[in-house]
There are 2 protein chains.
Amino acid sequence: MSAKLNLDKLDLQIIEHMMSDAEISYADLGKKLFVSGGTIHVRIKKLQKDGVIKGTRLHPDLKLLGYDVIAFIGIYLRESSLYDTVAKELYKIKEIVRLNYTTGNYSMFAEVVCKDISELRDVLHEKLQKIKGIERTETIISLEESFSRNVKILD
Amino acid sequence: MSAKLNLDKLDLQIIEHMMSDAEISYADLGKKLFVSGGTIHVRIKKLQKDGVIKGTRLHPDLKLLGYDVIAFIGIYLRESSLYDTVAKELYKIKEIVRLNYTTGNYSMFAEVVCKDISELRDVLHEKLQKIKGIERTETIISLEESFSRNVKILD
DNA sequence: ATTGAAAGAGTCTCAGT
DNA sequence: ACTGAGACTCTTTCAAT
């Protein structure tokens with residue numbers, strides 16, 4: 001059940017299924033969930049209209065595309081008021097795919113996807129270190145992804 | 001260009017576009033890229049066969065679904081040989097959506113999605129701390145996501 | 001709200017280039 | 001390897017429940 005919207009079990013079942021496979025047809029998904037394809041259609045349109053479904057995305061194999069290095073970078077800021085300006089600079093670095101403003105060890109936390117280690121070095125030494133306001137960074141390189149999956153929205 | 005496959009510019013353009021919007025029709029994507037819908041179709045089938053395209057996924061609004069808390073957990077292991085057994089235990093915790101084996105500060109690094117802070121506390125204190133082999137953990141809570149985007153595979 | 005059927009749009013196949 | 005057209009499948013609409 002949702003915090004802000006009235007979603008019933010069917011809505012959640014549709015979302016849960018399509019989070020891992022958005023290619024299934026309404027008719028087939030309807031069969032799985034014991035309703036007609038038309039009902040699936042109506043529900044999906046409603047979920048899109050309400051903004052619960054933001055779209056569908058192709059899921060590529062990054063390694064096959066030549067992106068072999070995933071790393072996380074913890075960022076210490078000189079002053080936390082610099083957050084917005086630093087975030088703007090970090091956005092310009094295309095290898096950074098995600099940035100979070102965080103509590104805990106770091107002020108900010110970034111995820112980086114690179115082709116190889118030398119590209120990561122370039123991001124760290126050439127691009128990151130030149131940004132005013134960053135005190136220092138800590139790099140965590142992923143040697144292997146154990147698993148990656150969606151949130152479980154149904155029990 | 002890819003490390004392991006011969007992908008030309010058109011392949012990469014198709015992937016790049018569909019990474020953010022997989023709903024576009026082959027005809028419309030063909031228009032954008034100045035080829036026929038049939039060509040888009042052939043390319044996509046090839047990319048699927050080669051495993052470059054792993055599928056398409058629905059992209060939900062987690063906040064609207066009631067998941068307000070994203071956190072990262074750095075995990076220190078008692079011995080690094082315990083990695084596989086600990087990973088297996090962590091997989092059972094449904095709030096953990098991603099686990100990486102890492103170099104740097106931590107042995108392992110997890111991403112957690114929870115409904116609220118009390119659920120996060122439950123994961124940390126009830127579930128994580130009971131796993132043998134974990135020495136200690138450090139929690140980084142995301143206060144705000146600045147941005148999240150796809151890798152840029154074309155210049 | 002859900003259904004089933006008809007209309008419209010998209011995917012898939014294939015012969016031609 | 002790309003194209004365009006025909007066959008097929010899926011989405012979308014709608015009247016009935």
Side-chain angles (χ1 to χ4, degrees), chain A residues 1-61 63-66 150 152-155, chain B residues 1-66 150 153-155:
Chain A
M1 237 144 283
S2 157
K4 339 213 152 162
L5 291 161
N6 273 19
L7 304 181
D8 67 7
K9 191 182 169 192
L10 181 58
D11 293 318
L12 296 178
Q13 284 175 312
I14 292 169
I15 295 167
E16 177 124 310
H17 189 283
M18 293 184 73
M19 275 201 292
S20 45
D21 172 23
E23 266 157 20
I24 190 168
S25 75
Y26 296 175
D28 287 349
L29 186 51
K31 265 174 223 157
K32 266 186 201 288
L33 304 178
F34 308 106
V35 293
S36 74
T39 298
I40 300 291
H41 176 250
V42 170
R43 296 303 190 101
I44 287 178
K45 293 300 136 185
K46 180 184 60 96
L47 292 166
Q48 288 172 335
K49 191 186 126 292
D50 292 347
V52 183
I53 294 177
K54 290 172 156 182
T56 73
R57 293 176 172 184
L58 182 145
H59 180 53
D61 186 315
K63 280 205 179 138
L64 285 180
L65 287 172
N150 298 309
K152 199 139 184 24
I153 61 174
L154 279 168
D155 327 88
Chain B
M1 236 146 287
S2 159
K4 337 214 154 160
L5 291 161
N6 273 18
L7 304 180
D8 66 9
K9 194 183 168 192
L10 181 59
D11 292 319
L12 297 178
Q13 284 175 312
I14 292 169
I15 295 167
E16 178 124 308
H17 189 284
M18 295 184 73
M19 275 201 291
S20 44
D21 172 23
E23 265 158 21
I24 191 169
S25 74
Y26 295 176
D28 287 349
L29 187 51
K31 265 173 223 157
K32 264 186 203 287
L33 304 178
F34 308 107
V35 292
S36 72
T39 298
I40 300 292
H41 177 251
V42 170
R43 295 301 188 103
I44 288 178
K45 292 300 136 186
K46 179 185 61 97
L47 291 166
Q48 288 171 334
K49 192 187 126 288
D50 292 347
V52 182
I53 294 176
K54 288 172 155 181
T56 73
R57 294 176 171 183
L58 183 143
H59 180 54
D61 186 315
L62 287 179
K63 281 204 178 138
L64 285 180
L65 286 171
N150 297 309
I153 60 174
L154 279 168
D155 327 271

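Computed from a predicted structure; not experimentally measured. To find a chain, count down the sequence lines: A is the first, B the second, and so on, and within it residues start at 1.
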Checklist entry - Rounded to the nearest 0.5 Å, what separation is found between the CG atom of A:Leu10 and the CD1 atom of A:Ile40? => result 5.5 Å

Checklist entry - Taking atom P of D:dA1 as reference, at what distance in whole Å does atom CG of B:Leu47 sit? => result 13 Å

Next on the checklist: Nearest whole Å is fine: how far is D:dT11 P from A:Ile14 CD1?
Outcome noted: 12 Å

Item to check | Nucleotide D:dC2, atom C1' - distance to CD of B:Gln13 in whole Å | outcome: 16 Å

Next on the checklist: Within the structure provided, determine whether A:Met18 and A:Ile53 are in side-chain contact (heavy-atom separation under 4.5 Å).
Outcome noted: no

Checklist outcome for this item: Protein-proximity profile, nucleotides 2-17 of chain C, B/S/- by nucleotide at the 4.0 Å heavy-atom cutoff, equals SB------SSSB----

Next on the checklist: Are the side chains of A:Leu47 and A:Leu7 in contact, using a 4.5 Å heavy-atom criterion?
Outcome noted: yes

Item to check | Under 3.5 Å: donor-acceptor pair, side chain of B:Asp50, backbone of B:Val52 | outcome: no

Item to check | Separation of D:dT3 P from B:Ile40 CD1 (nearest whole Å) | outcome: 9 Å

Next on the checklist: Expressed as a whole number of angstroms, how long is the span from A:Lys46:NZ to D:dT13:P?
Outcome noted: 17 Å

Checklist entry - Residues two or more places apart in sequence or in another chain: which of them pass side-chain hydrogen bond (donor to acceptor under 3.5 Å, both in side chains) with A:Glu16? => result A:Lys152

Review item, side-chain donor-acceptor pairs of residues 31-38 of chain B, under 3.5 Å, at least two apart:
| residue | atom | partner | partner atom | Å |
| --- | --- | --- | --- | --- |
| B:Ser36 | OG | B:Gly38 | N | 3.4 |
| B:Ser36 | OG | B:Thr39 | N | 3.2 |
| B:Ser36 | OG | B:Thr39 | OG1 | 3.2 |

